[in-house]
Amino acid sequence: MAAVYDNVAVVGAGTMGNGIAQVFAAAGSTVELVDVDRGALDRGLATIEKSLARFVAKEQLSADDAAAIKGRIRTSQKIAKSDAQLAVEAVAERVDVKRAVFQGLDRACGPETILATNTSSISITTIAAATQRPDRVIGMHFMNPVPLMKLVEVIRGQETSDETCAAVVACAEALGKVPVEAQDYPGFVSNRVLMPMINEAVFCLMEGVSTREGIDTVMKLGMNHPMGPLTLADFIGLDVCLAILQVLHEGLGDPKYRPCPLLRRMVAAGHLGRKSGQGFYRY
Ligand SMILES: NC(=O)c1ccc[n+]([C@@H]2O[C@H](COP(=O)([O-])OP(=O)(O)OC[C@H]3O[C@@H](n4cnc5c(N)ncnc54)[C@H](O)[C@@H]3O)[C@@H](O)[C@H]2O)c1
(Lines give C-alpha, C1' and ligand atoms only; values in the text may rest on other atoms or scores of the structure.)
Protein backbone atom coordinates (compact mmCIF):
# COMPACT_ATOMS: atom_id res chain seq x y z
CA MET A 1 0.00 0.00 0.00
CA ALA A 2 1.51 3.33 -1.04
CA ALA A 3 1.64 5.98 1.65
CA VAL A 4 0.13 9.29 0.71
CA TYR A 5 2.55 11.18 2.93
CA ASP A 6 6.19 10.29 3.62
CA ASN A 7 6.28 12.28 6.85
CA VAL A 8 3.44 12.65 9.31
CA ALA A 9 3.37 14.23 12.76
CA VAL A 10 0.86 13.00 15.35
CA VAL A 11 0.42 15.19 18.42
CA GLY A 12 -0.93 13.40 21.50
CA ALA A 13 0.04 9.77 22.18
CA GLY A 14 -3.05 8.78 24.20
CA THR A 15 -5.89 6.40 23.30
CA MET A 16 -6.33 7.87 19.83
CA GLY A 17 -2.91 9.30 19.02
CA ASN A 18 -1.00 6.03 19.30
CA GLY A 19 -3.55 4.27 17.09
CA ILE A 20 -3.32 7.05 14.50
CA ALA A 21 0.49 6.84 14.53
CA GLN A 22 0.24 3.08 14.04
CA VAL A 23 -2.04 3.21 10.99
CA PHE A 24 0.13 5.83 9.26
CA ALA A 25 3.31 3.85 9.95
CA ALA A 26 1.57 0.70 8.69
CA ALA A 27 0.80 2.54 5.43
CA GLY A 28 4.50 3.42 5.05
CA SER A 29 4.74 6.93 6.54
CA THR A 30 7.55 7.97 8.84
CA VAL A 31 5.76 9.23 11.95
CA GLU A 32 6.83 11.66 14.62
CA LEU A 33 4.66 11.01 17.66
CA VAL A 34 4.65 14.01 20.00
CA ASP A 35 3.37 14.19 23.57
CA VAL A 36 4.27 16.53 26.42
CA ASP A 37 4.20 13.54 28.78
CA ARG A 38 7.12 11.07 28.40
CA GLY A 39 5.06 8.41 30.20
CA ALA A 40 2.26 8.80 27.64
CA LEU A 41 4.78 8.28 24.82
CA ASP A 42 6.09 5.10 26.48
CA ARG A 43 2.56 3.79 27.08
CA GLY A 44 1.64 4.72 23.50
CA LEU A 45 4.57 2.76 22.06
CA ALA A 46 3.73 -0.22 24.29
CA THR A 47 0.11 -0.13 23.05
CA ILE A 48 1.30 -0.04 19.43
CA GLU A 49 3.60 -3.00 20.07
CA LYS A 50 0.74 -5.01 21.60
CA SER A 51 -1.60 -4.17 18.76
CA LEU A 52 0.98 -5.16 16.13
CA ALA A 53 1.67 -8.40 18.00
CA ARG A 54 -2.05 -9.27 17.76
CA PHE A 55 -1.96 -8.75 13.97
CA VAL A 56 1.12 -11.02 13.81
CA ALA A 57 -0.58 -13.68 15.97
CA LYS A 58 -3.58 -13.62 13.61
CA GLU A 59 -1.16 -13.97 10.69
CA GLN A 60 -2.36 -10.68 9.20
CA LEU A 61 1.14 -9.23 9.44
CA SER A 62 4.65 -10.72 9.39
CA ALA A 63 6.98 -10.20 12.37
CA ASP A 64 9.40 -8.36 10.04
CA ASP A 65 6.69 -5.97 8.86
CA ALA A 66 5.60 -5.34 12.45
CA ALA A 67 9.18 -4.45 13.37
CA ALA A 68 9.44 -2.17 10.32
CA ILE A 69 6.21 -0.37 11.27
CA LYS A 70 7.45 0.19 14.80
CA GLY A 71 10.79 1.38 13.38
CA ARG A 72 9.03 4.12 11.40
CA ILE A 73 7.69 5.77 14.58
CA ARG A 74 9.92 8.13 16.51
CA THR A 75 8.85 10.09 19.55
CA SER A 76 9.44 13.54 20.96
CA GLN A 77 8.07 15.80 23.68
CA LYS A 78 8.02 19.00 21.64
CA ILE A 79 6.79 20.06 18.26
CA ALA A 80 10.07 21.39 16.88
CA LYS A 81 10.70 22.26 13.23
CA SER A 82 8.84 19.58 11.30
CA ASP A 83 9.08 18.33 7.72
CA ALA A 84 5.69 16.61 8.01
CA GLN A 85 3.32 17.04 5.06
CA LEU A 86 0.40 16.23 7.37
CA ALA A 87 0.03 16.75 11.13
CA VAL A 88 -2.81 15.10 13.06
CA GLU A 89 -3.64 16.44 16.51
CA ALA A 90 -5.14 14.13 19.15
CA VAL A 91 -4.63 15.97 22.45
CA ALA A 92 -7.22 16.54 25.19
CA GLU A 93 -10.69 17.65 24.10
CA ARG A 94 -10.26 21.27 25.23
CA VAL A 95 -10.49 24.20 22.89
CA ASP A 96 -7.73 26.25 24.59
CA VAL A 97 -5.31 23.30 24.49
CA LYS A 98 -6.08 22.53 20.86
CA ARG A 99 -5.74 26.16 19.75
CA ALA A 100 -2.33 26.38 21.46
CA VAL A 101 -1.20 23.14 19.77
CA PHE A 102 -2.36 24.45 16.38
CA GLN A 103 -0.47 27.72 16.88
CA GLY A 104 2.63 25.64 17.60
CA LEU A 105 2.06 23.45 14.54
CA ASP A 106 1.48 26.51 12.37
CA ARG A 107 4.93 27.82 13.37
CA ALA A 108 6.72 24.44 13.21
CA CYS A 109 5.41 23.14 9.88
CA GLY A 110 6.01 24.30 6.32
CA PRO A 111 3.33 26.47 4.70
CA GLU A 112 1.92 23.60 2.64
CA THR A 113 1.44 21.21 5.57
CA ILE A 114 -2.16 20.17 6.25
CA LEU A 115 -3.10 20.41 9.93
CA ALA A 116 -5.84 17.95 10.95
CA THR A 117 -7.63 17.53 14.28
CA ASN A 118 -9.15 14.36 15.65
CA THR A 119 -11.62 16.34 17.79
CA SER A 120 -14.93 14.64 18.59
CA SER A 121 -16.92 17.83 18.97
CA ILE A 122 -14.93 21.07 18.95
CA SER A 123 -15.53 23.42 16.02
CA ILE A 124 -12.93 22.95 13.25
CA THR A 125 -13.48 26.58 12.28
CA THR A 126 -12.57 27.77 15.80
CA ILE A 127 -9.38 25.67 15.83
CA ALA A 128 -8.47 26.80 12.29
CA ALA A 129 -8.83 30.46 13.28
CA ALA A 130 -5.85 30.05 15.64
CA THR A 131 -3.61 29.52 12.58
CA GLN A 132 -2.48 31.54 9.55
CA ARG A 133 -3.70 28.74 7.25
CA PRO A 134 -7.40 28.05 7.92
CA ASP A 135 -7.70 26.70 4.35
CA ARG A 136 -5.33 23.86 5.31
CA VAL A 137 -7.03 22.94 8.59
CA ILE A 138 -9.53 20.07 8.65
CA GLY A 139 -11.15 17.50 10.92
CA MET A 140 -9.92 13.92 10.56
CA HIS A 141 -12.06 12.07 13.09
CA PHE A 142 -10.85 8.51 13.58
CA MET A 143 -12.81 6.01 15.68
CA ASN A 144 -11.57 3.97 18.63
CA PRO A 145 -9.76 1.53 18.29
CA VAL A 146 -8.13 3.23 15.31
CA PRO A 147 -6.33 0.19 13.79
CA LEU A 148 -9.65 -1.73 13.61
CA MET A 149 -12.34 0.86 12.91
CA LYS A 150 -12.92 1.67 9.24
CA LEU A 151 -14.58 5.08 9.48
CA VAL A 152 -12.86 8.46 9.24
CA GLU A 153 -15.23 11.41 9.44
CA VAL A 154 -13.65 14.24 7.39
CA ILE A 155 -14.92 17.61 8.59
CA ARG A 156 -14.56 20.81 6.62
CA GLY A 157 -14.24 24.05 8.56
CA GLN A 158 -15.61 27.31 7.20
CA GLU A 159 -12.38 28.05 5.29
CA THR A 160 -11.15 24.52 4.46
CA SER A 161 -10.21 24.38 0.77
CA ASP A 162 -11.42 21.77 -1.71
CA GLU A 163 -7.76 20.73 -2.23
CA THR A 164 -7.26 20.08 1.48
CA CYS A 165 -10.46 18.08 1.69
CA ALA A 166 -9.62 16.01 -1.41
CA ALA A 167 -6.11 15.31 -0.07
CA VAL A 168 -7.39 14.12 3.30
CA VAL A 169 -10.10 11.95 1.72
CA ALA A 170 -7.44 10.32 -0.51
CA CYS A 171 -5.15 9.90 2.49
CA ALA A 172 -7.87 8.17 4.55
CA GLU A 173 -8.49 5.80 1.63
CA ALA A 174 -4.77 5.02 1.38
CA LEU A 175 -4.87 4.07 5.07
CA GLY A 176 -7.55 1.51 4.19
CA LYS A 177 -10.28 3.58 5.82
CA VAL A 178 -13.65 4.76 4.55
CA PRO A 179 -13.88 8.58 4.68
CA VAL A 180 -17.22 10.34 5.03
CA GLU A 181 -17.39 14.11 4.59
CA ALA A 182 -19.30 16.23 7.08
CA GLN A 183 -19.80 19.93 7.66
CA ASP A 184 -18.62 21.76 10.76
CA TYR A 185 -21.71 21.73 12.99
CA PRO A 186 -21.69 20.58 16.62
CA GLY A 187 -21.05 16.85 16.96
CA PHE A 188 -20.65 16.48 13.16
CA VAL A 189 -22.61 13.32 12.17
CA SER A 190 -21.22 10.64 14.48
CA ASN A 191 -21.81 12.24 17.86
CA ARG A 192 -24.88 14.20 16.75
CA VAL A 193 -26.63 10.88 16.20
CA LEU A 194 -24.91 8.71 18.82
CA MET A 195 -24.99 10.94 21.90
CA PRO A 196 -28.76 11.68 21.93
CA MET A 197 -29.31 7.90 21.80
CA ILE A 198 -26.98 7.32 24.74
CA ASN A 199 -28.59 10.23 26.63
CA GLU A 200 -32.07 8.78 26.02
CA ALA A 201 -30.89 5.40 27.32
CA VAL A 202 -29.73 7.14 30.53
CA PHE A 203 -33.15 8.87 30.82
CA CYS A 204 -34.81 5.42 30.45
CA LEU A 205 -32.64 4.14 33.30
CA MET A 206 -33.30 7.19 35.49
CA GLU A 207 -37.07 6.96 34.94
CA GLY A 208 -37.08 3.23 35.61
CA VAL A 209 -38.37 2.33 32.16
CA SER A 210 -36.11 -0.74 32.37
CA THR A 211 -32.94 -1.98 34.03
CA ARG A 212 -29.46 -1.28 32.60
CA GLU A 213 -29.34 -4.85 31.27
CA GLY A 214 -32.86 -4.49 29.87
CA ILE A 215 -32.05 -1.27 28.00
CA ASP A 216 -28.80 -2.68 26.58
CA THR A 217 -30.45 -5.98 25.58
CA VAL A 218 -33.28 -4.20 23.72
CA MET A 219 -30.78 -2.28 21.62
CA LYS A 220 -28.51 -5.30 21.07
CA LEU A 221 -31.10 -7.89 20.16
CA GLY A 222 -33.81 -5.57 18.88
CA MET A 223 -31.70 -3.17 16.82
CA ASN A 224 -28.70 -5.40 16.14
CA HIS A 225 -26.27 -3.00 17.83
CA PRO A 226 -23.04 -4.82 18.77
CA MET A 227 -23.06 -3.10 22.18
CA GLY A 228 -25.88 -1.65 24.28
CA PRO A 229 -25.86 2.15 24.72
CA LEU A 230 -25.03 2.06 28.46
CA THR A 231 -22.14 -0.36 27.89
CA LEU A 232 -20.96 1.86 25.04
CA ALA A 233 -21.20 4.97 27.25
CA ASP A 234 -19.01 3.24 29.86
CA PHE A 235 -16.53 2.38 27.11
CA ILE A 236 -16.39 5.96 25.76
CA GLY A 237 -16.23 7.51 29.24
CA LEU A 238 -19.21 9.19 30.93
CA ASP A 239 -17.29 12.48 31.28
CA VAL A 240 -16.63 12.44 27.53
CA CYS A 241 -20.32 11.74 26.80
CA LEU A 242 -21.36 14.60 29.10
CA ALA A 243 -18.88 17.02 27.50
CA ILE A 244 -20.11 16.19 23.98
CA LEU A 245 -23.76 16.56 25.01
CA GLN A 246 -22.92 19.97 26.46
CA VAL A 247 -21.36 20.97 23.13
CA LEU A 248 -24.50 19.82 21.28
CA HIS A 249 -26.81 21.56 23.77
CA GLU A 250 -24.91 24.83 23.70
CA GLY A 251 -24.01 24.80 20.01
CA LEU A 252 -27.44 23.85 18.66
CA GLY A 253 -29.48 25.57 21.37
CA ASP A 254 -32.14 22.89 21.38
CA PRO A 255 -33.33 21.52 24.77
CA LYS A 256 -33.58 18.02 23.28
CA TYR A 257 -29.80 17.76 23.78
CA ARG A 258 -29.91 18.54 27.56
CA PRO A 259 -27.69 16.01 29.37
CA CYS A 260 -29.66 13.62 31.57
CA PRO A 261 -29.38 14.53 35.30
CA LEU A 262 -28.33 10.94 36.07
CA LEU A 263 -25.40 11.26 33.65
CA ARG A 264 -24.34 14.50 35.38
CA ARG A 265 -24.64 12.81 38.77
CA MET A 266 -22.52 9.81 37.72
CA VAL A 267 -19.76 12.12 36.44
CA ALA A 268 -19.93 14.23 39.63
CA ALA A 269 -19.46 11.04 41.65
CA GLY A 270 -16.36 10.15 39.61
CA HIS A 271 -18.12 7.16 38.04
CA LEU A 272 -16.69 7.63 34.57
CA GLY A 273 -17.14 4.12 33.15
CA ARG A 274 -14.49 1.55 32.31
CA LYS A 275 -11.55 3.87 32.96
CA SER A 276 -12.57 4.52 36.59
CA GLY A 277 -13.72 0.94 37.27
CA GLN A 278 -17.34 2.01 37.77
CA GLY A 279 -19.94 3.39 35.38
CA PHE A 280 -23.37 1.95 34.64
CA TYR A 281 -21.56 -1.36 35.22
CA ARG A 282 -18.69 -2.30 37.54
CA TYR A 283 -15.34 -3.30 35.97
N1 LIG B 1 -11.17 8.21 23.05
C2 LIG B 1 -12.01 8.10 22.03
O3 LIG B 1 -12.78 7.14 21.92
C4 LIG B 1 -12.03 9.16 20.96
C5 LIG B 1 -12.65 8.87 19.74
C6 LIG B 1 -12.60 9.82 18.71
C7 LIG B 1 -11.99 11.05 18.93
N8 LIG B 1 -11.41 11.32 20.15
C9 LIG B 1 -10.75 12.62 20.31
O10 LIG B 1 -9.35 12.42 20.21
C11 LIG B 1 -8.66 13.37 21.02
C12 LIG B 1 -7.74 12.63 22.00
O13 LIG B 1 -8.51 11.79 22.79
P14 LIG B 1 -7.86 10.58 23.62
O15 LIG B 1 -9.00 9.76 24.10
O16 LIG B 1 -6.78 9.96 22.82
O17 LIG B 1 -7.22 11.39 24.86
P18 LIG B 1 -6.09 10.90 25.88
O19 LIG B 1 -6.33 11.65 27.13
O20 LIG B 1 -6.01 9.41 25.91
O21 LIG B 1 -4.73 11.43 25.21
C22 LIG B 1 -4.42 12.79 25.05
C23 LIG B 1 -2.89 12.95 25.10
O24 LIG B 1 -2.56 14.29 24.74
C25 LIG B 1 -1.43 14.67 25.48
N26 LIG B 1 -1.35 16.13 25.49
C27 LIG B 1 -2.10 17.01 26.18
N28 LIG B 1 -1.74 18.27 25.89
C29 LIG B 1 -0.74 18.19 24.97
C30 LIG B 1 0.04 19.16 24.26
N31 LIG B 1 -0.13 20.45 24.46
N32 LIG B 1 0.98 18.70 23.38
C33 LIG B 1 1.17 17.38 23.20
N34 LIG B 1 0.46 16.42 23.85
C35 LIG B 1 -0.49 16.82 24.71
C36 LIG B 1 -1.66 14.06 26.85
O37 LIG B 1 -0.44 13.93 27.56
C38 LIG B 1 -2.28 12.71 26.47
O39 LIG B 1 -1.29 11.70 26.38
C40 LIG B 1 -9.74 14.22 21.69
O41 LIG B 1 -9.95 15.36 20.92
C42 LIG B 1 -10.96 13.31 21.64
O43 LIG B 1 -12.17 14.03 21.65
C44 LIG B 1 -11.41 10.40 21.16
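Count residues from 1 along the sequence. Being a predicted model, the structure only gives us computed values, none of them experimental. Numbering of ligands and ligand atoms starts at 1, following listing order.
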_Shortest heavy-atom approach to atom 12 (C) of ligand 1 - which of Leu33, Asn118, Val91, Asp37_ =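 The residue whose heavy atom sits nearest atom 12 (C) of ligand 1 is Val91.
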
*Heavy atoms only: which of Ile236, Thr117, Val101, Val36 is nearest to atom 34 (N) of ligand 1?*
Val36

*Mark whether atom 15 (O) of ligand 1 lies under 4.0 angstrom from at least one protein heavy atom.*
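It does; a protein heavy atom is within 4.0 Å.
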
*Is the shortest distance from atom 10 (O) of ligand 1 to a protein heavy atom below 4.0 Å?*
yes

_Would Glu89 count as a contact residue for ligand 1, given that I'm defining contact as a non-hydrogen atom of the residue lying under 4.0 Å from a ligand atom?_
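Glu89: no contact with ligand 1 (<4.0 Å).
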
*asked:* Heavy-atom contact check, 4.0 Å cutoff: does Val11 meet ligand 1?
replied: yes

*What is the nearest protein non-hydrogen atom to atom 21 (O) of ligand 1, stated with its residue, atom name and distance?*
Gly14 CA, 3.3 Å

Heavy-atom pair of closest approach, residues [X] and [Y]:
X	Y	value
Ile198	Ala233	CG2-CB, 3.7 Å
Glu112	Arg136	O-CD, 3.4 Å
Arg212	Tyr281	O-OH, 3.3 Å

*Do Ser190 and Glu153 meet the criterion of a side-chain donor-acceptor pair at a distance under 3.5 Å?*
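There is such a pair between these side chains.
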
*What is the distance from atom CZ of Phe203 to atom SG of Cys260, rounded to the nearest 0.5 Å?*
4.5 Å

_ligand 1 N/O within reach of Asp35 N/O, cut-off under 3.5 Å_ = yes

*If we only count N/O pairs under 3.5 Å, is Met16 in contact with ligand 1?*
yes

*Linked, directly or transitively: Val154 and Val180 (ILVMFWY side chains, under 4.5 Å)*: no

*Taking it one step at a time, do Thr125 and Asp184 satisfy side-chain hydrogen bond (donor to acceptor under 3.5 Å, both in side chains)?*
CA-CA 7 Å; Thr125 307; Asp184 188 21; 2.5 Å; yes

